Number of protein chains: 4
Amino acid sequence: MHGNEPLGIAVIGTGRMGADHMRRIDRVISGARVAAVADTDAERARAVAAGIDGCTVHTDPAAAMAAAGVDAVLVASPGPAHEAALLAAFERDLPVLCEKPLTPDAASALRVVEAEQALGHRRVQVGFMRRYDAEYVRLKTLLETGQLGRPLMLHNRHRNVASSPFFTSSMLITDSVSHEVDVTRWLLGQEITAVTVHAPASSSGAPDGLRDPQFVVLETDGGALSDVEIFVNCGFGYQVQAEIVCERGTARVGDGHHLVAQAAGRWGGTITQDWTERFAQAYDDELRAWVDTTRRGEVGGPSTWDGYAAAAVCEAGVRALEEGGRVEVELAEKPALYG
Amino acid sequence: MHGNEPLGIAVIGTGRMGADHMRRIDRVISGARVAAVADTDAERARAVAAGIDGCTVHTDPAAAMAAAGVDAVLVASPGPAHEAALLAAFERDLPVLCEKPLTPDAASALRVVEAEQALGHRRVQVGFMRRYDAEYVRLKTLLETGQLGRPLMLHNRHRNVASSPFFTSSMLITDSVSHEVDVTRWLLGQEITAVTVHAPASSSGAPDGLRDPQFVVLETDGGALSDVEIFVNCGFGYQVQAEIVCERGTARVGDGHHLVAQAAGRWGGTITQDWTERFAQAYDDELRAWVDTTRRGEVGGPSTWDGYAAAAVCEAGVRALEEGGRVEVELAEKPALYG
Amino acid sequence: MHGNEPLGIAVIGTGRMGADHMRRIDRVISGARVAAVADTDAERARAVAAGIDGCTVHTDPAAAMAAAGVDAVLVASPGPAHEAALLAAFERDLPVLCEKPLTPDAASALRVVEAEQALGHRRVQVGFMRRYDAEYVRLKTLLETGQLGRPLMLHNRHRNVASSPFFTSSMLITDSVSHEVDVTRWLLGQEITAVTVHAPASSSGAPDGLRDPQFVVLETDGGALSDVEIFVNCGFGYQVQAEIVCERGTARVGDGHHLVAQAAGRWGGTITQDWTERFAQAYDDELRAWVDTTRRGEVGGPSTWDGYAAAAVCEAGVRALEEGGRVEVELAEKPALYG
Amino acid sequence: MHGNEPLGIAVIGTGRMGADHMRRIDRVISGARVAAVADTDAERARAVAAGIDGCTVHTDPAAAMAAAGVDAVLVASPGPAHEAALLAAFERDLPVLCEKPLTPDAASALRVVEAEQALGHRRVQVGFMRRYDAEYVRLKTLLETGQLGRPLMLHNRHRNVASSPFFTSSMLITDSVSHEVDVTRWLLGQEITAVTVHAPASSSGAPDGLRDPQFVVLETDGGALSDVEIFVNCGFGYQVQAEIVCERGTARVGDGHHLVAQAAGRWGGTITQDWTERFAQAYDDELRAWVDTTRRGEVGGPSTWDGYAAAAVCEAGVRALEEGGRVEVELAEKPALYG
């Protein structure tokens with residue numbers, strides 16, 4: 001890839017997650033394009049690739065990686081297919097974003113580690129997306145300042161409305177708690193050394209035979225504890241919460257607020273200092289909406305009339321400020337053009 | 001513009017706001033590119049255009065609009081220059097995103113309204129970006145369900161840390177309250193008919209002679225009231241809050257939570273139902289980070305080792321679940337590659 | 001009254017408020033007793049005085065004040081009867097707690113002021129009970145530290161589920177906003193100099209002809225503003241909220257939290273430092289419950305069995321701490337006595 | 001005890017807790033008086049009994065219980081002295097409020113259980129005061145409605161600023177977690193069957209050798225789990241929090257809010273429906289303040305002038321409502337009497 005050319009990506013796997021990543025590459029973020037897709041289900045692959053200029057369709061991941069214009073690989077196929085796809089990418093020395101889990105078990109994951117070592121440089125980013133969540137990032141940033149002291153305990157809640165039909169008791173750990181495993185390692189910068197699982201009587205809302213909820217206690221080589229409530233049929237919502245307890249205070253995220261810290265006799269959070277921070281997302285969305293409607297040949301959003309009405313009201317407001325009392329607003333008649 | 005070609009945009013004005021919009025077009029959102037820029041300060045224009053492929057630089061807005069590849073115009077020049085830029089865009093019948101204010105006064109704004117009418121179709125989206133803020137959008141959506149009944153009052157707070165040196169008492173209304181003027185009109189779908197301004201003794205934190213804070217009461221043709229605390233030298237943070245009071249309940253945004261409603265004896269909000277909603281932004285940011293580092297030839301984020309460690313911990317967890325008790329985690333030695 | 005004798009109180013008026021105060025004197029607080037009651041409705045007075053030892057019943061307030069053992073007067077009759085009751089109490093130089101309003105209008109209130117002056121010393125405490133609310137007290141305490149700077153604005157919300165059938169538009173001010181009038185004067189330590197009332201179109205939830213809600217703006221001789229949303233048929237709950245905006249920060253109460261302050265880039269509150277503070281009320285209620293059940297010859301609350309079970313679990317816990325692993329709890333069989 | 005006579009209480013132990021209970025009996029709640037005190041430290045007993053009419057002083061608990069006018073016993077001596085005091089009270093068949101712990105170990109507690117059984121009726125209320133905390137009571141009430149379904153897990157946090165110098169690792173369980181042991185049994189109505197203690201590396205804020213914090217997992221005979229973070233040297237505050245996780249929702253207390261529940265896609269709490277509920281405590285405190293100042297021959301609180309000023313402002317408000325616009329308030333000159 002050269003200069004300002006967008007990054008050409010081969011997407012391996014076009015199920016729910018793969019298709020969603022393709023939408024992101026195509027419609028949301030700048031600087032990348034889907035150059036090729038591969039799926040064992042060729043029809044599904046063709047369907048999702050249909051609207052994308054110059055995107056070739058394959059059933060073999062390696063073929064997709066070899067296609068013209070491919071600079072990088074996004075692996076979103078089922079877990080058991082990851083090892084082969086990763087090794088194929090390593091053969092072409094291509095950068096990879098690999099959805100979690102890296103592979104379904106430790107032995108195969110270790111083979112991937114060894115293959116990347118053989119390559120001699122890192123090529124893989126694993127899809128632990130919580131590391132990119134704004135609240136978790138703020139939590140990590142706060143921890144790194146050291147102002148709360150050394151972390152002692154991390155309390156995690158992970159709740160889903162309902163589990164998929166094929167979910168098993170061990171998948172609560174391998175599919176769900178695996179996120180908290182990474183969060184614990186990443187936030188604390190420590191390896192996990194032991195696991196205890198406490199399982200209360202299962203909820204009557206869980207499918208027959210599924211041990212749900214479970215309560216997992218992780219110990220780390222830094223002497224910290226991380227406990228995880230995992231409850232995949234809680235019925236009421238999707239919730240991911242974390243509270244870190246340090247020597248001099250605590251901080252929590254995922255509670256509907258942003259980060260809330262407790263230290264030195266006070267609880268609370270920080271206040272945005274700037275409109276560019278508070279409305280950053282609104283500006284992005286405004287511009288994206290304008291570009292999208294304009295490309296479709298349409299016009300939307302606040303109209304010229306809205307701009308005029310605001311000006312007229314502000315003029316009356318300035319008079320009210322200067323002269324005191326109540327000032328009436330006079331508007332021209334609204335043209336039909338503005339509905 | 002044709003097919004999948006990105007939208008070519010002429011950016012008029014390359015100050016703080018213009019440059020920030022250019023960054024968004026170039027780096028953040030998909031489907032658009034900066035094709036031309038215009039600024040009376042040619043040097044500044046050249047500087048911000050430097051890194052952008054095929055972006056031509058102009059001092060005359062009309063010349064920028066006439067440049068090759070220009071499909072649409074973004075006006076981010078100072079307010080007094082807007083009218084001329086808008087009329088120039090109308091001459092070429094180009095779609096425009098015009099930063100607020102549309103123009104600095106009602107008379108000139110009305111001239112733009114009339115020019116767009118002469119054109120016969122809407123071409124302008126005005127930059128009232130709060131209409132794109134997720135919290136305000138949720139507030140409007142809730143109002144439109146009708147479940148809270150007819151809106152009676154809207155309480156607004158608008159606070160800045162400190163005002164610019166050149167800020168005048170009337171600019172609290174024309175530059176700041178103008179946002180609440182639009183929010184009031186948009187949320188209620190009503191025109192504003194009268195304005196009263198109450199001004200307490202000014203804060204000692206405000207520059208000499210500036211009437212700050214002010215308290216503005218707007219009346220609408222639907223019989224609603226909208227009050228605005230505007231305080232541009234509050235010192236402690238940037239805050240934009242709104243509470244709508246309806247016949248059967250209230251709802252507020254901007255409080256650090258998302259939308260909080262009160263009705264039928266209860267206060268509270270909704271819980272996300274799905275990880276795609278809760279982590280939508282994290283997925284976008286993850287992919288953007290990967291594309292950006294990859295284009296720079298770098299590798300970041302969670303590593304293969306992180307994927308392996310998670311697999312090993314989960315395997316121990318499954319054993320702990322199945323066998324009871326505490327299970328120790330066994331990890332291979334960590335290769336130097338993973339730092 | 002002498003030494004440890006309880007204060008003998010004559011209660012004037014035995015309607016809802018009077019009867020509730022009698023319950024408080026008789027059952028809740030220490031050091032006082034109802035010595036006499038007066039009500040024009042003799043039957044009602046007799047009924048509420050029935051269970052109280054040595055409480056005499058009168059139709060004439062002055063007679064009640066003259067009864068044996070009366071040391072002080074609590075006036076809870078309708079507002080128009082207050083002036084006469086207060087003057088009667090002044091004649092006997094008795095201390096008075098007078099429910100709000102002092103009297104229904106400024107002229108009669110001024111006559112009471114003059115009569116108390118003639119007496120030469122203060123005898124009256126007016127029933128503005130918000131000054132005794134823990135949250136308002138914390139707000140006032142915070143203001144008095146000066147750390148937020150001079151107060152500029154006070155935003156008040158005052159909402160009732162529904163108004164009484166006889167409520168009139170002016171009673172929203174005289175009966176409801178009168179609380180915020182006192183709160184404004186008390187919190188700011190300033191007199192109110194002017195009033196503006198903005199009234200939106202009335203809610204369809206309000207009785208025909210009632211101007212509800214109203215929005216009142218008070219100005220003070222210290223240059224502060226205090227605005228009040230009064231909405232007596234809001235339907236969803238009873239809410240009393242206040243946010244003070246000062247030169248360097250804000251603080252609010254009544255929001256379901258305790259006091260929440262904003263200053264210097266942070267929002268939040270304080271954390272209790274001590275269990276005596278956190279559970280002060282629980283200790284009072286525990287002891288009151290024990291005294292009340294014991295006086296009735298009953299036994300309630302946590303039992304000896306609960307004390308034993310806790311001891312047994314804690315013993316197992318100490319072993320689990322010392323020896324590691326999971327320790328089972330062994331309990332004796334539960335005697336029938338403990339249900 | 002007969003009729004309206006206050007309950008005469010013998011207080012055993014006049015340390016911090018005993019003295020505080022004496023203050024409550026004497027000054028706060030109605031219907032009880034301290035008739036006798038006993039303490040091995042006779043001087044301390046005399047000192048705290050000094051201001052109380054007719055309170056006799058003893059060094060032997062049994063003597064205090066035998067004193068004239070004693071109807072009931074409050075045991076607040078150190079835990080090892082409880083068994084003897086309880087047996088002495090049983091001999092006189094007196095009702096007892098016994099501070100926690102009932103006794104320091106399960107064997108002695110069981111002896112008390114057996115002695116009470118021999119008596120044939122319950123005589124003891126144990127001082128687990130959290131059962132009287134308004135938030136815990138609301139949590140239990142909510143659980144009993146069954147609307148959240150069966151309880152599965154209870155997450156508890158229990159944090160103290162700093163521990164006493166004599167605190168040992170096992171006292172974190174026997175003195176602190178004992179509260180959560182009772183809360184778990186009481187909220188769930190289940191007995192605890194097993195305990196596991198996880199102890200992270202101790203905080204550097206804890207005294208040398210103290211295992212602090214600890215993380216305790218309790219299992220119940222109903223198949224529920226209750227986990228407890230106990231951290232007695234957290235440094236930043238005193239916090240007691242509980243979140244119950246049920247089959248269809250969760251509810252938590254102790255978070256600065258009142259009870260917050262999550263169910264059916266929503267989070268939030270209830271809104272007070274009535275001023276008698278919202279300001280119940282303020283009314284109690286107002287009346288108590290008036291009684292206390294009056295008994296001291298003083299006058300405090302809102303004055304006649306405050307009542308007059310409110311009336312004058314409300315009159316101006318009514319005019320502003322009826323006539324529109326801004327109405328100035330006219331006040332008489334303030335008499336010196338009102339400071």
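Note that the coordinates shown come from a computational prediction; the quantities given were computed from them, not determined experimentally. Chain naming here is simple, since letters A, B, ... match the order of the sequence lines and numbering starts at 1 in each. When reading the values below, keep in mind they use all heavy atoms of this one structure, side chains included, and skip hydrogens, waters and symmetry mates.
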Peer 1: Could you tell me which of B:Glu229, B:Glu219, B:Arg266 has the largest number of non-hydrogen atom pairs under 4.5 Å with chain C?
Peer 2: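 Going by pairs under 4.5 Å, I would pick B:Glu229.
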
Peer 1: Taking the side chain from B:Glu247 and the backbone from C:Ser204, do they hold a donor-acceptor pair closer than 3.5 Å?
Peer 2: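 Yes; at least one donor-acceptor contact below 3.5 Å.
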
Peer 1: Under 4.5 Å from any heavy atom of chain B, what part of C:Val161 do you find: side chain, backbone, both or neither?
Peer 2: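 Neither; nothing under 4.5 Å.
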
Peer 1: At a heavy-atom separation under 4.5 Å, does C:Asp212 approach chain B through its side chain, its backbone, both, or neither?
Peer 2: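 Interface part for C:Asp212: neither.
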
Peer 1: How far apart are the closest heavy atoms of C:Arg150 and B:Ser203, and which atoms are they?
Peer 2: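 Residues C:Arg150 and B:Ser203, closest heavy atoms: NH2-CA, 4.0 Å.
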
Peer 1: Under a 4.5 Å heavy-atom cut-off, does chain B meet the side chain of C:Arg326, its backbone, both or neither?
Peer 2: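 Neither; nothing under 4.5 Å.
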
Peer 1: Is it the case that over 12 heavy atoms from other parts of the model lie below 6.0 angstrom from the CZ atom of B:Arg278?
Peer 2: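 More than 12 heavy atoms, drawn from other residues, nucleotides or ligands, come within 6.0 Å of this atom.
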
Peer 1: Kindly compute the distance separating CZ (B:Phe236) from CZ (C:Arg248), expressed to the nearest 0.5 Å.
Peer 2: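 It is 12.5 Å, given to the nearest 0.5 Å.
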
Peer 1: What residue, out of C:Gly237, C:Ala264, C:Gly149, has the most heavy-atom pairs lying under 4.5 Å from chain B?
Peer 2: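 Most heavy-atom pairs within the cutoff with chain B belong to C:Ala264.
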
Peer 1: Minimum heavy-atom separation for C:Leu152 and B:Pro213, please, with both atom names.
Peer 2: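 Here C:Leu152 and B:Pro213 meet closest at CD1-CD, 3.8 Å.
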
Peer 1: What part of B:Tyr238 gets closer than 4.5 Å to chain C, counting heavy atoms only: side chain, backbone, both or neither?
Peer 2: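 Interface part for B:Tyr238: neither.
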
Peer 1: Which pair of non-hydrogen atoms, one from C:Ala199 and one from B:Leu225, has the smallest distance, and what is that distance?
Peer 2: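 Between these two residues, the closest heavy atoms are N-CD1, 4.4 Å.
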
Peer 1: Report the residue from B:His155, B:Arg157, B:Glu243 that forms a side chain to side chain contact (heavy atoms under 4.5 Å, CB included) with C:His155.
Peer 2: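 Passing option: B:Arg157.
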
Peer 1: For the residue pair B:Ala201 and C:Gly222, what are the closest heavy atoms and their distance?
Peer 2: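 Closest approach of B:Ala201 to C:Gly222: CB-O, 4.4 Å.
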
Peer 1: Chain C: which of B:Gly265, B:Ala224, B:Gly205, B:Gly235 shares the most heavy-atom pairs with it under 4.5 Å?
Peer 2: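 The candidate making the most pairs under 4.5 Å is B:Gly265.
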
Peer 1: Determine the interplanar angle of the C:His198 and B:His198 rings, folded into 0 to 90°, and report it as parallel if under 30°, tilted if 30 to 60°, perpendicular if over 60°.
Peer 2: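 It falls in the perpendicular class, over 60°.
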
Peer 1: Got more than 12 heavy atoms from elsewhere within 6.0 Å of CD, C:Glu330?
Peer 2: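 No, the 6.0 Å shell around CD holds no more than 12 heavy atoms from other groups.
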
Peer 1: Quick one: OG1 on C:Thr250 to CD on B:Gln239, what's the gap to the nearest 0.5 Å?
Peer 2: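 So the OG1 of C:Thr250 and the CD of B:Gln239 are separated by 6.5 Å.
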
